[in-house]
Colleague: 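What follows is a structure written as structure tokens; I'll ask about it next.
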Amino acid sequence: MLTSKERAALRAQANALDTTLIVGKGGISDTLIADVEIQLENRELVKGKVLETAMLSPREASDAICEATGADGVSVVGSKFVVYRLSQKLQAQRNQVGRAKNKSVSVANSNPVRKGAKARRMSAKAERERRNEYFRQQAIDRAIEREKEKALRNND
């Protein structure tokens with residue numbers, strides 16, 4: 001089951017995809033399911049279209065394909081739909097490239113805006129700490145000078 005943020009990120013990725021799956025008047029057949037299985041294993045994200053001649057609505061077609069393949073429905077817009085299933089083959093390839101082993105790739109963690117905001121917060125925090133240390137040291141130096149002046153006045 002996908003979270004809403006993961007689903008939104010997958011919808012964004014699906015915008016650039018070409019429609020590779022077409023459901024026609026034959027409906028959901030075994031060959032269509034086999035084709036979907038192959039595409040999900042090779043791509044993880046598949047975009048499909050339901051033709052007007054089909055006796056199914058795009059939502060019904062998406063639900064039937066998801067049920068038959070164990071995939072998750074990402075979106076249904078107009079006559080097009082998008083389904084997603086994590087591919088073990090692609091996961092193994094990602095693990096070879098240095099990603100965490102046996103962990104799914106979180107879509108939310110790859111947000112460049114969030115990374116930039118975090119970097120800015122960290123640099124602002126480091127700057128505040130540097131500035132506070134400077135003023136703390138100045139206050140200590142000033143207190144030492146006052147004590148020396150006080151000691152000189154008491155000795156006179």
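In this text the structure is predicted, and so the values were computed from the model without any measurement. Both backbone and side-chain heavy atoms feed into the values below; hydrogens, waters and symmetry mates do not.
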Colleague: For the atom pair CD (Q13) and CD (E44), what is the distance rounded to the nearest 0.5 Å?
Modeller: 9.0 Å
Colleague: Pair up each side-chain donor or acceptor in residues 20-38 with any protein partner under 3.5 Å, not counting sequence neighbours, and list the distances.
Modeller:
residue	atom	partner	partner atom	Å
T20	OG1	Q39	OE1	2.7
T20	OG1	R43	NH1	3.4
S29	OG	T31	OG1	3.0
S29	OG	L32	N	3.4
D35	OD2	Q39	NE2	3.3
E37	OE1	R85	NH1	3.0
E37	OE1	R85	NH2	3.2

Colleague: Only pairs under 3.5 Å count here: list side-chain donor-acceptor contacts from residues 136-148, not counting sequence neighbours, and write none if there are none.
Modeller:
residue	atom	partner	partner atom	Å
R136	NH1	E133	OE1	2.7
Q137	NE2	D141	OD1	3.2

Colleague: Between V82 and R11, does a side chain to side chain contact (heavy atoms under 4.5 Å, CB included) hold up when you go through it step by step?
Modeller: CA-CA 8 Å; V82 179; R11 270 196 315 265; over 6 Å; no
Colleague: Measuring from L90:CG to L40:CG, what's the distance to the nearest 0.5 Å?
Modeller: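 One finds 10.5 Å between CG of L90 and CG of L40.
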Colleague: Distance only, no hydrogens: is a donor on one side chain within 3.5 Å (strictly under) of an acceptor on the other, for S87 and E41?
Modeller: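 Indeed, the side chains of S87 and E41 share at least one donor-acceptor pair under 3.5 Å.
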Colleague: Quick one: side chain to side chain donor-acceptor pair (under 3.5 Å) partners of E127, sequence neighbours excluded?
Modeller: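 If we apply the side chain to side chain donor-acceptor pair (under 3.5 Å) test to E127, skipping adjacent residues, the hits are R130.
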Colleague: Quick one: salt bridge (charged side-chain N to carboxylate O under 4.0 Å, His left out) partners of R131, sequence neighbours excluded?
Modeller: none
Colleague: Is K47 reaching over with its side chain to a backbone N or O of A14, donor-acceptor style, under 3.5 angstrom?
Modeller: yes
Colleague: Minimum heavy-atom separation for Q91 to L86, with atom names?
Modeller: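 So the two residues come closest at OE1-CD1, 3.7 Å.
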Colleague: For residues 48-55, dump all side-chain donor-acceptor pairs below 3.5 Å to protein atoms at least two apart in sequence or in another chain.
Modeller:
none

Colleague: Do L17 and Y84 sit in the same hydrophobic cluster, where Ile, Leu, Val, Met, Phe, Trp and Tyr count as joined when their side-chain heavy atoms come under 4.5 Å apart?
Modeller: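 In one cluster with L17: Y84, yes.
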Colleague: Looking at residues at least two apart in the chain, or sitting in another chain, which of them share a side-chain contact (heavy atoms from CB on, under 4.5 Å) with E60?
Modeller: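 Checked E60 against side-chain contact (heavy atoms from CB on, under 4.5 Å); matches are L56, S57.
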Colleague: Distance-only check: which donor-acceptor pairs under 3.5 Å involve side-chain atoms of residues 63-79, not counting sequence neighbours?
Modeller:
residue	atom	partner	partner atom	Å
T69	OG1	I65	O	2.8
T69	OG1	A71	N	3.4

Colleague: Could you pull out all residues at least two apart from R120 that satisfy salt bridge (charged side-chain N to carboxylate O under 4.0 Å, His left out)?
Modeller: none
Colleague: Once side chain to side chain donor-acceptor pair (under 3.5 Å) is applied, do any residues pair with R153, and if so which ones, sequence neighbours excluded?
Modeller: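 Partners of R153 by the side chain to side chain donor-acceptor pair (under 3.5 Å) criterion come out as none, since no residue qualifies.
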